[in-house]
Structures are given as structure tokens and as C-alpha cells.
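Structure first, then comments.
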Amino acid sequence: MTKVVTRFAPSPTGHLHIGGARTAIFCWLLARHFGGQYFLRIEDTDVERSRQEYTDSILASMLWLGLDWDGELVYQTQRTDLYNAYVDTLLASGHAYWCACTPDEVDAMREDARAKGLKPRYDGRCRTRNVGPGEGHCVRLKAPLTGRVVFDDLVKGTIAVDVAELDDMILRRSDGMPTYNMAVVVDDYEMGVTHVIRGDDHVSNTPKQILIYEALGLPLPRFGHVPMILGPDKQKLSKRHGARAVIEYQQDGLLPQALVNYLVRLGWSHGDQELFSLEELKTLFDGTSLNAAPSAFDPDKLHWLNAQYLRATPAAELAALTKPFVDAAFGGKAYAAERLEGAVGLYRERANSLVELAAAVQSLLVTAADLVFDPAAKAKALKDNALTHVAALRAAFAVLTPFDAPTLEACMHTYVEQGGFKFKQVGPPVRLALTGSLGGPHLPDVMALLGREESLARLDALCAG
RNA sequence: GUCCCCAUCGUCUAGUGGCCCAGGACAACGCCCUUUCACGGCGUCGACGCCGGUUCAAACCCGGCUGGGGACGCCA
């Protein structure tokens, strides 16, 4: 088996978005599957927009998702000399030339071409002018004039482009900095990258980069372009589609396994299987079965997956994960933390995210005096002589032993049967007293968790108020 | 405008010439379970964009059309 080296190369101009995250997952999986290496390269050559805090954020998201990387981070801004050395060899070998055209002149050329219905491109007028280095001069690739660039894409199959579509691209800007395509080729080669997995939006860069590889006489890596992730409306993912950064999903209380699982299944599949652990993915994902068509992001399915993982997480662990969200919900106020794990156990199947879980669990953690009643529920439950049932049961519960779920349940049933009531008359007001609402976990379980003292206090509070 | 890519239920997808009058999952809807809300179980709705080929046979192969997306920077 040949060595597999992949890389993920974000530019630190924003947080890690789900599209990038999915690409990173594919890269990581491919490397891990084949026992290869996965590198991270920070493409920070756009000094204006690049920020250290974004690099930090991207790395944090990467780790949160469970994607570890090999080796040191590569920062493109630290490798200018390296890129320039390659540009110089291209200049020396006659594969590149100096160009004195100004941006305005080139713009004019493009407009001209577009007006004629042609592809806007640089016309190569400095190719033979021998202008040499100088103020405002950049270096361009002396691209072949005829022929086709053909490559076999891992996900899209054969892609062919006529070189007439390409122009003599700039390799080094007039300020001495390399351009994106130049830097990428040098880096991928220097880092030993064997599989370049990246977003669909780069397909048109690939032929250009191949031209540079060829001019440099370097071996080509394998390319794989994964399609974009679209919004639920099939349009390009944008601000109006809500959360797009993985950090936002983290804040919304999503589990990283759920996000990874969801993202992987967007564009990749393994028969009818829906649930995959990271370990399982490592053994299953070999870079095949990738879908060439773009896919729409479906928040509903993400939440469903998250619910699956929420239920699969052991109660103690889930309580620990939920705690920060509960702390935030209480805004620093004290609450019955000793009931957290039990409450999480009772509500886990009723929540799709940690945020929802934290909100649901709140009513069991406040003190009786702070319990908030849902007005609609209150109006609905406190009909007829509902409070007499509450008072009667309160008296029964006060002397009940043991105070556990089965005994409590039996006690309630006895009360209902002996009084000739319907449970519908008795259950709702009791539930309202205990949780402030009319939905939720099995009542005896709630009381057992709250304990006798707290349960009685809540029943009293409703009767009094 | 030019070039490139894509095309199965609303969505994610299975499907690589006969097993498919197309399977699974999410969503929706209904029923069951249930003292409530959920979970769960069962079921319903629902797709091969269109037109031509090739073939005994096409969702699968070929061509065109239509529709969608992407790229055309001294951004990445």
C-alpha cells in the first residue's frame, strides 16, 4: 500500500465552517484509514484578513471534532523564501517571465475579451518582451499554448480542460509575495502530500496548478474535489441559513460525534447505514463512495442524529457535558446540582441538544419557591377541585415509606381507584405542582428524584399559591 | 458571456444492465404503546428531470435538451 499524506489548508479569515469541517473530516479519515499522515497548513498570505484568533478557533474546532493532526502547523507567511526559490527556478528555466502590465491594463484586456464573448484572460503580451525585474513587475507562468490538461479526480472522474482556457497566471505578485496557486503547489510538494482533497470550488484551480507542477517537473498528487454543501433551500450556504461555523453548533449543544456523523454522510455513504462512530469510519472510509453531486444541509436530520448520540451517552458523562449549559441557564445562581445527573437521565429522551436538555432539566433543579409555572398549563390543570387531589396526595406522600418510584406509583393508583377518580383528574395538577408544566417524565420518577422534602414543598407551594 | 461540474422521494442516500412496478434514513401524516410529553413499534404519503439512441432488457451505457452549481483576480 502506498503512503497516504493529506492536508487541510484553511485560511484564517473566519471560524471553521461546516463545509471546511467536512473536507477536513474526509482528509483526516483518508489518512487514518491508510495509516498515513494528516497535516494542517494555515494559508495566511492574505495578511489583511488573516487573524491569529481565527487560527486558534479553527484548531479548537478541529480538536473538538476529534481530528488530530500530525507534525507542526505550516504557516504560509513563513515560507515566502521557499516559494520565491521555486519561482526563480521557473524564471531561470524559461517557464516564467516578468510582466510589466498594470492591473488596469489587464482589466482592460479582460473586458475586451468578455465583450467579444471570450473567456476573460491575460493576453501574454509580456511573454516575449523580456522586461526583467522592476518596480511594479510581477512574474507570470509561461503556460503552454496548446493542448489539454487532463486529470482523474477521485470523486468526479476524468476532468479535461483546454489550455486555451487558461492564461499566463501570476506566480509572484509585484510586492514579491507568491500567489495562492504557486504557494499551494510548492507546499503540497514540499509536504509530501499525495492526496489533495478540497472543495469543489477549487476544480478550476487544479488545471492551473497542474501546469505549475509540470513546469517545475514535479510529480502530481491525486486530486479529489468534494461538492459543496448547500443550504436547506439548495442555495449556497450563507449567513441567512443560520449556523454555519462548527463553533456555533458546539454552542448550540450538539455533540461532536453527531456533527461528524452527519457531515460524513453528506456526500458519502456505506449502504443503508446511518450511524457511524469515528473508529468505524476509520476502517470504512477509503475515499471511494463519494458523491459527486452537491447536497443540501438538513438541520432536522442533524438534530435527530444528535438525539441518538445523546441517548447513547452514559448518564454521568451526559450530566458533565450538560453542566456548563445548565450553569449558563442559571446565570451563576445556585441550584440543586446533586440532582443534575438524575434529571438528565429523566429528560435525555426528550431533548435534541444539550441546550434543550439543560432547559428541560431546570425545573427539577430549582427550589420550590423558584419554580416557574407555565400559565397555559396552570389554567388547564387547575380545574374543578384539582387542588383537593393535590392536598390529599400530599398528605399520603408525607407518610409514605419507602419514598421511591414504585411505592409512589402504587400510592397514586390506590388514591385514584378508591376515590373513583380518573387519572386525568389527578395527574395533571400533581405534575403541574412538581414540574410547572404538563409534559415530562414519569411522575413517580420525578418525585423519587426530588425526594420527599422537595416534593412536598412543591405540592404545598401550588396549594398555597 | 466562456469553461468546468452535477442531476433517484421535500431532504440525505442505496442502486454500477435483468434481483427495482426502485430499498433505507430524516421530515410529514396515521395507528399502537402510554396517567402526560417523549422514546419505541407499525404503517401511509412520496423519486429515477425531459427527449432520443444502444440492448432481448436501462435508474444504471451514449447523445441532446432542460435545470442547478462552480470558476473565470497581483483573494484564498
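In what follows, chains carry the letters A, B, and so on, assigned in the order in which the sequence lines appear, proteins first and then strands, with residues in each chain numbered from 1.
Side-chain rings of A/H413 and A/F423 approach one another, their centers coming within less than 6.0 Å. Ring pair A/F26/A/W268: centre-to-centre distance not below 6.0 Å.
Between B/A76 and A/R173, a contact under 4.0 Å exists linking OP1 or OP2 to a side-chain N or O.
In this structure, B/G18 forms a base pair with B/C56, meeting either the Watson-Crick or the G-U wobble geometry with both donor-acceptor distances under 3.5 Å.
Evaluation of the ring pair (Phe, Tyr, Trp, His ring centres under 6.0 Å) rule for A/Y54 yields A/H15 as partners, not counting sequence neighbours. Residues forming a side chain to side chain donor-acceptor pair (under 3.5 Å) with A/Y309 (at least two apart in sequence, or on another chain): A/N261. Under the salt bridge (charged side-chain N to carboxylate O under 4.0 Å, His left out) criterion, A/D112 pairs with A/K116, sequence neighbours left out. With sequence neighbours left out, the side chain to side chain contact (heavy atoms under 4.5 Å, CB included) criterion links A/H442 to A/E409, A/P444, A/D445. For A/Y347, the ring pair (Phe, Tyr, Trp, His ring centres under 6.0 Å) test picks out no residue, with sequence neighbours left out. With sequence neighbours left out, A/E454 forms a side chain to side chain contact (heavy atoms under 4.5 Å, CB included) with A/R339, A/A368, A/L450, A/R458. A/D56 meets the side chain to side chain contact (heavy atoms under 4.5 Å, CB included) test with A/Q52; sequence neighbours excluded.
Across all strands shown, A/H303 has no heavy atoms under 4.0 Å from either base or sugar-phosphate atoms. Contacts of A/S11 with the nucleic acid, taken as non-hydrogen atoms under 4.0 Å apart, involve only primed sugar atoms and P, OP1 or OP2.
If you check distances only, the side chain of A/H442 never reaches the base of B/U34 with a donor-acceptor pair under 3.5 Å.
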Sugar-phosphate or base contact per nucleotide [nucleotides 39-48 of chain B; S, B, -; heavy atom under 4.0 Å]: SS--------

Protein-to-nucleotide contact annotation, 5' to 3' order, nucleotides 5-18 of chain B [B base; S sugar-phosphate only; - none; under 4.0 Å, heavy atom]: SSS---SBSS----

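The stretch residues 124-140 of chain A comes close to RNA chain B through A/G136, each having a heavy atom under 4.0 Å from the strand. A heavy atom lying under 4.0 Å from RNA chain B marks the following residues of residues 406-424 of chain A, by number: A/F423.
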Which atom pairs, one a donor and one an acceptor, fall under 3.5 Å between side chains of residues 147-155 of chain A and the rest of the protein, sequence neighbours left out?
| unit_1 | atom_1 | unit_2 | atom_2 | d |
| --- | --- | --- | --- | --- |
| A/D153 | OD1 | A/H225 | N | 3.2 |
| A/D153 | OD1 | A/H225 | ND1 | 2.6 |
| A/D153 | OD2 | A/V155 | N | 2.9 |
| A/D153 | OD2 | A/K156 | N | 2.9 |
| A/D153 | OD2 | A/H225 | N | 3.2 |

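Residue A/R110 places its side chain closer to B/G73 than to any other of B/U2, B/U35, B/G73.
Ion pairing of A/D188 with A/R41 is present here, as a side-chain N (NZ or NE/NH1/NH2) and a carboxylate O approach within less than 4.0 Å. Between A/D298 and A/R265, no side-chain nitrogen of the basic residue sits less than 4.0 Å from a carboxylate oxygen of the acidic one, so the salt-bridge criterion is not met.
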